[in-house]
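Presented below is the structure to which this report refers.
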Protein chains: 2
Amino acid sequence: MGLDQTQWSEKEHEVVQRIRKRVIEVVGRNMELYGVTLSTGHLYGLLFFADKPMTLDEMGSEMQMSKTSMSTGVRTLLDLNMVNKVWEKGSRKDLYEVEYDWYQTFTDYFANEWRRAVESNLQALRRAMKEIDRLLESPDTSEFVADVLKKDREKIRQADSYYRWLDRLIDTMEDGAIFDLVPREAE
Amino acid sequence: MGLDQTQWSEKEHEVVQRIRKRVIEVVGRNMELYGVTLSTGHLYGLLFFADKPMTLDEMGSEMQMSKTSMSTGVRTLLDLNMVNKVWEKGSRKDLYEVEYDWYQTFTDYFANEWRRAVESNLQALRRAMKEIDRLLESPDTSEFVADVLKKDREKIRQADSYYRWLDRLIDTMEDGAIFDLVPREAE
DNA sequence: AACTTTGTACAGTTTTTTCTGTACGAACTT
DNA sequence: AAGTTCGTACAGAAAAAACTGTACAAAGTT
């Protein structure tokens with residue numbers, strides 16, 4: 001697994017691999033929560049245990065998959081800030097390693113993915129709210145429709161309130177305040 | 001959309017639908033973050049604006065999809081606690097309505113989905129850690145392998161620390177303490 | 001300048017997921 | 001008891017996603 005195998009026997013290698021494989025399996029599977037494929041999750045696991053940054057070719061050979069897949073997998077992980085591109089003198093190839101700070105990984109995920117969703121939802125809700133208000137003020141709007149609109153408006157208002165809260169929660173992730181609220185443990 | 005259309009004109013209906021549709025579109029799309037299909041997201045949006053609990057048949061007719069799909073979609077949303085089954089006297093059909101408390105929806109999601117992932121990851125990490133310790137104590141383990149194992153162990157220890165933190169964060173969602181830490185707004 | 005090596009775009013294939021129609025058991029009605 | 005109605009299991013069709021091989025541009029080497 002990216003290790004210089006001349007220094008250890010096949011048997012020793014097997015033992016270490018067995019342990020790693022089980023962890024990779026579980027971690028990879030649960031990474032579907034982050035919206036990544038099982039295979040991308042495995043790729044992450046592979047990089048997690050790699051003792052040095054890996055190239056696309058190395059990953060492909062370890063995963064028994066095409067370099068193209070490694071390329072797209074790595075890009076997905078890069079987009080999620082779960083993997084970093086690493087520069088190494090003398091190598092023409094791109095090298096990648098996992099972001100080992102999982103606290104960072106988690107908060108980045110929220111700061112990016114969830115923020116995007118919250119913003120777009122808020123925007124849609126506000127546009128709708130504005131349009132409803134416009135209709136409610138219009139004399140052409142019948143009493144009956146006005147009642148319907150008011151109900152919709154109230155629902156939207158509640159959703160808006162929730163999203164504002166979520167936005168603030170994401171703020172605490174982004175600026176690290178979450179770690180004051182829910183402290184990391186003493187190491 | 002589940003409304004008694006005798007009370008309003010086609011034109012009025014159109015206007016309301018146009019507003020709703022745009023919100024449903026966006027909310028549905030962003031629900032992919034919760035790991036649900038776009039169409040299930042739309043179903044949720046439909047129920048969100050419904051002015052009364054809906055039956056599978058009504059959903060199917062609104063969504064122009066089979067009742068079977070509604071059945072599975074609703075079950076997905078039920079599993080996520082995003083939709084509730086509602087009892088209504090005199091109706092033999094099952095009725096469903098969205099959970100309008102989105103704070104609850106969000107925290108439930110974490111309490112369920114993320115907790116499951118955290119627990120299974122923690123278990124896997126701890127098993128691996130135990131096995132590594134066992135090997136490290138064994139006299140058969142070469143110096144070289146021991147070094148590799150120690151590196152793995154340290155990585156696992158860090159991940160374990162992160163998951164314990166995440167577990168505590170999820171606790172705050174589950175018991176509502178998160179709303180003391182990041183308060184809801186005054187309504 | 002010709003030749004390698006590297007990463008990725010893209011088209012086509014394979015695999016997976018989603019969706020539908022049929023069938024059937026459960027529960028209610030007559 | 002026969003007849004409805006309802007929800008869902010299941011098999012197959014349709015759609016979407018993942019994966020691969022080829023091709024090529026960019027950048028380095030000779």
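If you're wondering where the values come from, they're calculated on a predicted model, not measured in any experiment. Lettering follows sequence order; numbering is per chain, from 1.
For the pair A:Asp79 CG and C:dT8 P, the computed distance is 11 Å after rounding to whole Å. Between the P atom of C:dT15 and the CG atom of A:Leu38 lies a distance of 16 Å, rounded to the nearest Å. Residue A:Met70 contributes atom CE, which lies 11 Å from atom C1' of D:dA18 at whole-angstrom precision. Nucleotide C:dT13 holds its C1' atom 14 Å from the CE atom of A:Met65, rounded to whole Å. For the pair B:Leu77 CG and D:dG7 P, the computed distance is 16 Å after rounding to whole Å. Between B:Tyr96 atom OH and D:dC6 atom C1' the separation is 10 Å, expressed in whole Å. Across the protein-nucleic acid pair, B:Leu78 atom CG and D:dG7 atom P stand 12 Å apart, rounded to whole Å. The distance from atom CD of B:Gln64 to atom C1' of C:dC19 is 15 Å, rounded to the nearest whole Å.
Between B:Asp160 and B:Arg164 a salt bridge is recorded (basic side-chain N to carboxylate O distance below 4.0 Å). A:Arg157 and A:Glu154 are joined by a salt bridge, as a carboxylate oxygen and a charged side-chain nitrogen come within less than 4.0 angstrom of each other.
In this structure, B:Ser66 does not reach the C:dG21 phosphate: none of its side-chain N or O atoms is under 4.0 Å from OP1 or OP2. Within the structure, every side-chain polar atom (N or O) of B:Ser69 is placed at least 4.0 Å from both OP1 and OP2 of C:dC19. Close to C:dG7, at under 4.0 Å from its OP1 or OP2, lies a side-chain N or O of A:Lys67. Close to D:dC19, at under 4.0 Å from its OP1 or OP2, lies a side-chain N or O of A:Ser39.
You'll find a donor-acceptor pair under 3.5 Å spanning the side chain of B:Thr68 and the base of C:dG21, going by distance alone.
Both B:Arg92 and A:Asp57 lie near DNA chain C, and the one whose nearest nucleotide falls closer to the 5' end is A:Asp57.
Residue contacts shown for B:Thr37 are limited to sugar-phosphate atoms, with no base heavy atom under 4.0 Å away.
Between the side chain of A:Lys155 and the main chain of B:Phe48, a donor-acceptor pair closer than 3.5 Å is present.
Taken from CD in A:Glu12 to CZ in B:Phe144, the straight-line distance is 8.5 Å, to the nearest 0.5 Å. Interatomic distance, A:Leu169 CG to A:Tyr163 OH, rounded to the nearest 0.5 Å: 13.5 Å.
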